[in-house]
Amino acid sequence: MLTIEELQRATINPAVAAEAFDKACKRLADILEAKKSLEQKAFALFSGYLTIAVGLFGAATALLNAKEPARLLLPFWAGGSLFMVGTLFLLLALLDAAYGAQGSDPEIWIRQGVIDGGETALPHMRAYLTLLYQDRIDISAAANERKAKRIRVGVIVGFVAPIVAVLLLLAGRS
């Protein structure tokens, strides 16, 4: 990829600059849409996990109040605790992260040589902005990957939680 200095010296094809800029805009828009989707999934799982954890802790509390043996409490506490760990990862996925903006600051447009530029000003600006979009795309894609990894860990923990609870329940009955 060309550097800013190389772009400033290059003869830019206006049609290519327009197409490159359009594709970069669409790529960043796709990544920002994926962000929304990841956050919706994380929030839905977060709500469900929290509800399940509270239910398991409530069942354990009911068993404790009924003076049941401690071995019967362990599966509910373990399952609830694992769902809470999953909830923590989902909460981390919901935290703010750095994302690239789709627009550009007016200050890069309102300057001499650009706003009053000739035929090559717009193609050069499109090429320049396309170069800037690469950084924005990289930042946004990395943030999405972190969100996705946290959601995956939360889902895995949520999958393991009932298995652990059932195994502990079966072990407590023997």
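Heads up: numbering here begins at 1 and tracks the sequence.
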What are the two closest non-hydrogen atoms of [X] and [Y], and how far apart are they?
X    : Y    : value
A165 : G79  : CB-CA, 4.3 Å
A141 : I31  : N-CG2, 3.9 Å
L38  : I151 : O-CD1, 3.3 Å
N144 : Y99  : OD1-OH, 2.5 Å
A98  : A143 : O-CB, 3.4 Å
I137 : A24  : CD1-O, 3.9 Å

Is there a donor-acceptor pair closer than 3.5 Å between any side-chain N or O of [X] and the backbone N or O of [Y]?
X    : Y    : answer
R136 : A101 : yes
K147 : L95  : yes
H124 : R9   : no

Is there a path from [X] to [Y] through hydrophobic residues (I, L, V, M, F, W, Y) whose side chains come within less than 4.5 Å of each other?
X    : Y    : result
V153 : L91  : no
L7   : V16  : no
I52  : V164 : no
L170 : W77  : no
F21  : V114 : yes

Mind checking whether [X] and [Y] have side chains closer than 4.5 Å, heavy atoms only?
X    : Y    : result
I12  : T120 : no
F57  : F76  : no
L169 : L72  : yes
L32  : K36  : no
F89  : V155 : no
I108 : L129 : yes

When rounded to the nearest 0.5 angstrom, what distance separates [atom1] in [X] from [atom2] in [Y]?
X    : Y    : atom1 : atom2 : result
L50  : T87  : CG    : OG1   : 5.5 Å
E39  : L90  : CD    : CG    : 12.5 Å
L132 : L28  : CG    : CG    : 11.5 Å
L2   : T130 : CG    : OG1   : 11.0 Å
S81  : L74  : OG    : CG    : 9.0 Å

Taking atom CZ of F46 as the centre, does the number of heavy atoms from other residues, nucleotides or ligands within less than 6.0 Å exceed 12?
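Yes, because the 6.0 Å sphere around CZ of F46 holds more than 12 heavy atoms from other groups.
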Does the distance from a Lys or Arg side-chain N to an Asp or Glu carboxylate O, for K23 and E19, drop under 4.0 Å?
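Between E19 and K23 there is a salt bridge, with a charged N closer than 4.0 Å to a carboxylate O.
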With sequence neighbours left out, write down each residue that passes salt bridge (Lys or Arg N to Asp or Glu O under 4.0 Å) with D22, or none if nothing qualifies.
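Residues passing salt bridge (Lys or Arg N to Asp or Glu O under 4.0 Å) with D22: K26.
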Anything under 30° is parallel, anything over 60° is perpendicular, the rest tilted; go ahead and classify Y49 against F83.
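Rings of Y49 and F83: perpendicular, over 60°.
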Salt bridge (charged side-chain N to carboxylate O under 4.0 Å, His left out) partner of E145, the single match among K35, R152, R150:
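Answer after filtering K35, R152, R150: R152.
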